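Every chain is numbered from 1 and lettered A, B, ... according to where its sequence line falls, protein lines coming before strand lines. On a predicted model such as this, the values are computed, not experimentally measured, just so you know.
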Amino acid sequence: MIFGIYSLLSASLFLDLDAVDVAFTEASVGAGISTLLFIATLKLVRRHEKVYRYRPIFALGVVVVTGSLLIYGTFDMPYFGDPEAPAHQHVAPRYLNDSMDEIGVPNVVTSVLASYRGFDTLGEVIVVFTAGIGVMSLLLVSRQTKQLEKGRVPAEMKGQVILRVVAKMMMPLILMFALYVQFHGDYGPGGGFQAGVIFAAGVILYTMLFGLSNAEQVFKRVVIEKLTALGVLIYAGVGIVTMVLGYNFLDYNALAHDPVHGQHYGILLVELGVGITVAAVMMNMFFKFTWRIVKHKYSVEK
Amino acid sequence: MNIIGHYNYWIVVILMMIGFYIVIAHGNLIKKLMGLSIFQTAVFFFYISIGKITGATAPILDPDFELYSNPLPHVLILTAIVVGIATTALGLALVIRIQEAYGSIEESEIQDQDTQDQMECQLEAYGYQKHSMMSVKTLDE
Amino acid sequence: MSTQLAILPVVVPLLGAPLCILLRIPRLVGLFAIVVATLSFIASCLLLLAVQNAGGLLIYEMGGWPAPWGIEYRIDYLNAYLILLVSAMGAIILVPAQTSIRRELQENRHTYFYTAYLLCLTGLLGILSTGDAFNVFVFLEISSLSSYTLIALGSDRRALTAAYQYLIMGTIGATFIIIGVGLMYMMTGTLNMFDLFQRLPEVHNSRTVLSAVGFFIVGVCLKLALFPLHLWLPNAYAYAPSVATAFLAATSTKVAVYVLIRCMFSIFGIEFVDTVLPLQQIFIVLALAGIFAASISAIYQLNIKRLFAYSSVAQIGYMILGLAIGTELGITATMLHLFNHALMKAALFLAIGSVVYRIGSAQLNHYAGLGKKMPLTMAALVVGGLSLIGVPLTVGFVSKWYLVVALIDKGWWLVVVLVLISSLLAVIYVWRIIEWVYFVPPRIIVDEVREAPLSQLIPVWLLVGANIYFGLDTTLTVGVSEAAAAALFGMLP
């Protein structure tokens, strides 16, 4: 819980530092998904940490050495907020000055993310995909557990009529908001990643209130797994198309006669790929974690 | 200005080290992951601080504003956040499996169980070695 | 098409991995993975030729954006050579994987295994190809996350804790690397390696750059399991599925060594690193300590995978030693050993994989009497072991020879003696295996144990053959290593 608050605080700090996109992401990821996963895991394990009677001098030593090296490094740093700092002089000005002409998207973060450094973002989607594969392979769900859970609604949620009605009304709104964030990333903060997380959050809300098996009837496991792969394929596919057209990998100029239009199409498509993979992986992770809780519950009952 | 010019970085360093300390010093596998998250978030702050320019605004181009913060660190950190959550999720999945396999998520208890396994293996092997040497000798005779 | 060559080795497995998930039928996925890895291997062969034709440097701009603004791939002899090595290992090891995995993994996990394997390949090749410091971090994480998955798929429960430990250490390492990159960016305003190389000298004297070097190098050393940061490695190698061990042992630490070389030569510049930090001395001490500590631990291991894992830590010591010499000869020795050690360890771990396939165990005491039952596999194990010691006619001899020559050239006689003594330690642990395999009579009934299937024998013997071939004919390996070392030193102003 405190961890979630910590994330929200971090998010507001990012906002203060003008990093709106980062703040948005930290809020949805740190305060949302990551806290949820922590809580799900905590549900499965012992609540309290064992207390040890030893003094971690070694750990303290390592930390102090590392910390002092960093502090030592700060003495020659440019001052905080200094516009003359070298970080703002070399590469960044081109993004701020020319991205409007070259890409035509007001949100500079989006144009750097999806186009100038698009390959990094492809890497990022693959990291998410990899984590999805990892969680899937580690937390396989047996068929028996699924049979037992079939059609059940979590017991503690049965009486909560108001919650359930409100949630039903919220669902379309959340999903709509996700779509808005997805396609409005060019102009305001947001983009595929945040949209994916929000979409997943909507589904997770539904799952919490109506039960896992009911949710999995709507979002089939196999379909979700294929969607995780599909997102990556869309992103990389754009790159392949540009290669076939004789341009470099991920050079969106290839996609239309007018480079700016090409960039637009390209960014739209890759953000879609990001959104699909992220939403699918996040939902999948949540499902897998919850299945474990369900399995644990039945094994205790037996 | 001389003294406070770097205060922001110092706070970030302290936060970083708190996270790092938790990772090394705690024996609880979940706490370690939390420490790791704090450590990483602190690094994110550090990057975003690099990008900040006093009096600037978020890097969304608008004719009303002149000065924008540096967008590049934002992009890098977006990527890093995603990598962070991916790592955390995988780590937690591992923790769940470890709990199922060992019945505990305390490093010391897991180590105890592992040493026991190791001892059994060794016993089997060395008991065997003695036995086989004897059989070699008997053959010689 | 030839202009696109630089990126093909990476893009092929990158596309292959999600396609595996769409394919879903385990057997087909296995075959598909082989095809993908082979295509990537072919592309990297062509790439090495293309680099040769282009005079030693190929640059590829991602998204058509020029270098410091976009991400570029910068391929020279050094990385073209390693890309070839990694993709070759990736392809060969997948062949025995088909049978080996069927024994060691439940069937519903096969698809995930191959997907993670291809992702790991993508990540490693991505690190090797890129010319952008932050991009290294992203692909490092792809390869790391997929290797955690590969390790955790091992059947022993200790595989889980090993993977967890690796995850913690690996993430700390990666975080250190991004701190280092951040500090460099702060001082120069760029992330491109070549650009950094040109812009860093202006700010060389600042304390910030110094701590950047420190963080980057410590982070990489965590990944490369340099003694005493190696603690995650033995368990990870011991409990991962056999083919995964073979793949990781043959490639992943090699890639980390590459990052270290790149960082010392092409980012900071070797002169700067050597003058400002006592890095040379630190590396010599750590390398030697690592060689001895790990070799001695190896002698006491009962689990044969663990034994060779410790030996890997020792071998990393030799590579770092070559790097510490800091001369062109030293780098040549390191490069040779990178290549040769990959050949040895792949052969050894695949041979062990075959044994695990037949008897389901990697405990040394279960190997008794296998010399008669699995003669070909065991012979491969012996040749691999001899190569590890550095017996003439094997690749191990070639790289040790170059290392010793480089040390003598530098005049470090004491280190020469220590290296030779450490080889004796290798003799001991290899002898222990030979003793169990050939001289201890079996107690368990091993009558049903047969020779490994052909699909495993052929790749093993291919690698063993390579061990001997490259031990006799060194024109390719030495030639490319020398070209790579010369290119690194050629960069110096």
**Student:** Select all residues of residues 137-150 of chain C having any heavy atom within less than 4.5 Å of some heavy atom of chain B, and report them by number, or 'none'.
**Tutor:** C:F137, C:V138, C:E141, C:L145, C:Y148, C:T149
**Student:** Can you tell me how far apart NZ (C:K305) and CG (C:D156) are? Round to the nearest 0.5 Å.
**Tutor:** 9.0 Å
**Student:** Say you draw a straight line from CG of C:D195 to CG of C:L200; how long is it, rounded to the nearest 0.5 Å?
**Tutor:** 9.5 Å
**Student:** At a heavy-atom separation under 4.5 Å, does B:Y102 approach chain C through its side chain, its backbone, both, or neither?
**Tutor:** both
**Student:** Quick one: side chains of residues 165-177 of chain C, donor-acceptor pairs under 3.5 Å with protein atoms, not counting sequence neighbours, listed by atom name and distance.
**Tutor:**
from   : atom 1 : to     : atom 2 : distance (Å)
C:T171 : OG1    : C:L167 : O      : 2.5
C:T175 : OG1    : C:T171 : O      : 2.6

**Student:** May I ask you to name which of B:L72, B:V23, B:L36, B:L29 has the most heavy-atom pairs under 4.5 Å with chain C?
**Tutor:** B:L29
**Student:** If you measure only the distance, is there a donor-acceptor pair under 3.5 Å linking the side chains of B:N28 and B:E107?
**Tutor:** no
**Student:** Are side-chain N/O atoms of C:Q301 and C:R432 paired as donor and acceptor at under 3.5 Å?
**Tutor:** no
**Student:** Looking at CG of C:L196 and CG of C:L191, how far apart are the two atoms once the value is rounded to the nearest 0.5 Å?
**Tutor:** 7.0 Å
**Student:** Could you list the residues that satisfy side-chain contact (heavy atoms from CB on, under 4.5 Å) with C:A236, not counting sequence neighbours?
**Tutor:** C:I151, C:W232
**Student:** Sequence neighbours excluded, which residues qualify as salt bridge (charged side-chain N to carboxylate O under 4.0 Å, His left out) partners of C:E61?
**Tutor:** none
**Student:** Heavy atoms only, distances under 4.5 angstrom: which of B:V95, B:L76, B:V82 has the most pairs with chain C? Name it, please.
**Tutor:** B:L76
**Student:** Checking B:I110 against chain C: side chain, backbone, both or neither under 4.5 Å from a heavy atom?
**Tutor:** side chain
**Student:** Could you look at B:T79 and say if it's the side chain, the backbone, both or neither that has a heavy atom under 4.5 Å from chain C?
**Tutor:** side chain
**Student:** Quick one: does C:Y185's side chain have a donor or acceptor within less than 3.5 Å of a partner on B:I50's backbone?
**Tutor:** no
**Student:** Tell me, side chain or backbone of B:I98 under 4.5 Å from chain C's heavy atoms, or both, or neither?
**Tutor:** both
